[in-house]
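Input: a single structure, listed below in structure tokens.
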Amino acid sequence: MKRRTMLAAAAATLVTPGLVRAQNTQNAAWPGNRQVRIVITYPPGGTSDFVARVYATRLSAETGGNVVVENRSGGGGVVGWTNVVRSANDGTTLLLTDNSLATAPPLYPDLGFDIRQDFTPISLLVDYPTVFVVPGNSPVRTLREYVDSVRGKPADANFYGSMGAGSSPHLYTEYLQDLAGIRMTHVPYRGMGPAFTDLLAGRIGLLIAAPATVMGAVREGRAHAIAIGTQGGRIPSLPDVATAKEQGFDFSYSFWYGMLGPKGMDPVLVRRIQQELDKVLAHAETRARFVQQGATPVAGDAAALRAVMESDLARWSEVVRAKGITIQN
């Protein structure tokens, strides 16, 4: 089953939270009077940070607890992942991750943990389409024009950015190069925020990002969106931007976000946290914030998150092996 199909199926399950999760979780104490950390592996300013802070704010309001976001960037995500793996499994440390965790095993020969064994999947949260963006001073307005402008030029004449080596934008752009028959040079950053800053300054020529990161600059003309890389067609927030498929490129990948904890979490506690996460997406204002940013609220359970991770691991392991990409910590 394709990942987008699985995400759509998960989204279809979003109903009244009290009906979604088992009733016997109502009395599970979480978070109580303890502070809860939501760890993300990027610095402030990107989509992960936005999603985490929306959830932290709403969870604090819903539970009466103190839920905070902790930015632990570095090592392509390994610093933050390792911190969560080594934390207590009592619900006080959670990991909000994107696709990058699922693609880590083939990239890092010495990762130091097993993504299947050392985390407890909790829930899928939201899914963002990919947006291809170029600087505001670029003359190209479509992905087709961009590809034509760089085709035949050496790789060191064309620079693209990502939020880190091995991140989804890195792998997606490597896939695009093979798809379009072009060559570019990768410039990794420690997060999407710094990468987008350099794109706006014209230091890199292409970035694949989520709408939440680029929408403001696109509307102001400081950047141009040249394609939407999603299977579901054009998005309401950028209705005039054609999809990659409309422009002749078989590209339909997205950014998903999910919540996990350390291994060995009590199933009752997991279901309790799932209930609270469902309440966040059931809140009309919160759903509207995500939809305005081009996201699809998903609210899939642990099984849905596990299935998406397995799908990504299988798909992108092939790309990593074919391209010979490895990262040493």
Side-chain angles (χ1 to χ4, degrees), residues 40-50 71 73-79 98-100 103 107 128-229 238 241 244 247 249 251 253 255 293-294 323 325 327-328:
I40 64 172
T41 59
Y42 302 106
T47 304
S48 292
D49 190 66
F50 170 78
N71 301 84
S73 59
V78 176
V79 171
D98 61 3
N99 318 49
S100 59
T103 58
L107 289 165
Y128 278 90
T130 47
V131 181
F132 295 74
V133 288
V134 296
N137 62 2
S138 171
V140 305
R141 294 295 182 271
T142 67
L143 181 58
R144 175 59 63 186
E145 289 178 0
Y146 178 82
V147 167
D148 290 344
S149 73
V150 302
R151 181 175 283 122
K153 295 180 181 179
D156 59 7
N158 310 298
F159 295 92
Y160 75 92
S162 81
M163 55 190 178
S167 65
S168 296
H170 178 197
L171 300 182
Y172 290 169
T173 314
E174 289 295 317
Y175 175 72
L176 172 68
Q177 291 181 72
D178 289 344
L179 193 65
I182 57 176
R183 289 293 173 263
M184 296 182 283
T185 297
H186 177 221
V187 182
Y189 293 84
R190 291 185 64 175
M192 187 59 79
F196 191 51
T197 296
D198 266 13
L199 179 105
L200 295 177
R203 297 186 184 96
I204 55 175
L206 180 70
L207 186 65
I208 298 178
T213 300
V214 306
M215 197 73 71
V218 168
R219 287 171 176 162
E220 294 166 2
R222 295 184 293 130
H224 300 296
I226 60 173
I228 305 298
L238 292 169
V241 181
Q247 300 181 53
F249 301 97
F251 186 104
Y253 297 103
F255 300 110
Q293 295 281 2
K323 305 288 287 189
I325 303 171
I327 303 172
Q328 299 294 330

Which atom pair, heavy atoms only, marks the closest approach of [X] to [Y]?
X	Y	result
A212	F50	CB-CD2, 4.4 Å
S100	S167	CB-CA, 4.4 Å
L200	A223	CD2-CB, 3.9 Å
V131	A225	CG1-CB, 3.8 Å
L207	S162	CD1-N, 3.9 Å
S168	F255	CB-CE2, 3.8 Å

Revision key, fill the gap. Sequence neighbours excluded, the answer for salt bridge (charged side-chain N to carboxylate O under 4.0 Å, His left out) partners of R203 is D198

Exercise for review: Take L206 and N158, measure what side chain to side chain contact (heavy atoms under 4.5 Å, CB included) needs, and give me the verdict at the end.
Suggested key: CA-CA 9 Å; L206 180 70; N158 310 298; over 6 Å; no

Rounded to the nearest 0.5 Å, what separation is found between the [atom1] atom of [X] and the [atom2] atom of [Y]?
X	Y	atom1	atom2	result
T173	D178	OG1	CG	11.5 Å
I208	F251	CD1	CZ	4.5 Å
M184	K153	CE	NZ	12.5 Å
L171	N99	CG	CG	9.5 Å
E220	M215	CD	CE	12.0 Å
Y146	I182	OH	CD1	6.0 Å

Side chain [X], main chain [Y], donor-acceptor under 3.5 Å:
X	Y	answer
T185	A155	yes
T41	G77	no
Q247	I226	yes
T130	Y253	yes

Practice item. Check whether the ring centres of Y172 and F132 lie less than 6.0 Å apart, and answer yes or no. Key: no

Review point. Does one side chain, of Y128 or T213, offer a donor that lies under 3.5 Å from an acceptor on the other?
Key: no

**Study point:** side chain to side chain contact (heavy atoms under 4.5 Å, CB included) evaluation trace for K323 with Y175
**Key:** CA-CA 9 Å; K323 305 288 287 189; Y175 175 72; over 6 Å; no

Practice item. Mind jotting down which residue pairs meet the ring pair (Phe, Tyr, Trp, His ring centres under 6.0 Å) criterion with at least one end in residues 180-201? Sequence neighbours excluded, please. Key: Y160-H186, H170-H186

